[in-house]
Amino acid sequence: MIFSRAMAYACLTVLAGILAFVAVLLVLLTIVQMARGEAVPDPAARAIATVIALGLALGCRAVARRLV
């Protein structure tokens, strides 16, 4: 039981980190496209994806904290 909780904690922590990294990359992509003068294809969809990724990251982190 302890091993499974430790594995769940580790997996959720890594997943939270990956999702936060994806959210940062989405923001950086938007900033770079605006700085280069390129048209951002669908800024609303990208903003929604960023918020979803951040929300899932925070959710994974909260669940991981409850396991400890």
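Just so you know, residue 1 is the first one in the sequence shown, and it goes up from there. Computed from heavy atoms alone, side chains included, the values below leave out hydrogens, waters and symmetry copies.
Under a 4.5 Å side-chain heavy-atom cut-off, the cluster of Ile, Leu, Val, Met, Phe, Trp and Tyr residues that includes V40 is completed by M34. Cluster partners of L19, by chain and number: L15, I48, I52, L56. The rule joins Ile, Leu, Val, Met, Phe, Trp and Tyr whenever side-chain heavy atoms lie under 4.5 Å apart.
The distance from the CE atom of M7 to the CG atom of L12 is 11.0 Å, given to the nearest 0.5 Å.
When all heavy atoms of Y9 and L67 are compared, the closest pair comes out as N-CD1, 3.9 Å. Shortest non-hydrogen contact noted between R5 and R66 is NH2-O, 4.5 Å.
The backbone N or O of A16 lies less than 3.5 Å from no partner atom in the side chain of R61, so there is not a single donor-acceptor pair.
Qualifying side-chain contact (heavy atoms from CB on, under 4.5 Å) partners for F21, counting only residues two or more places apart in sequence or in other chains: L25.
Partner of V27 under the side chain to side chain contact (heavy atoms under 4.5 Å, CB included) criterion, out of L29, V24, T30, I31: I31 alone.
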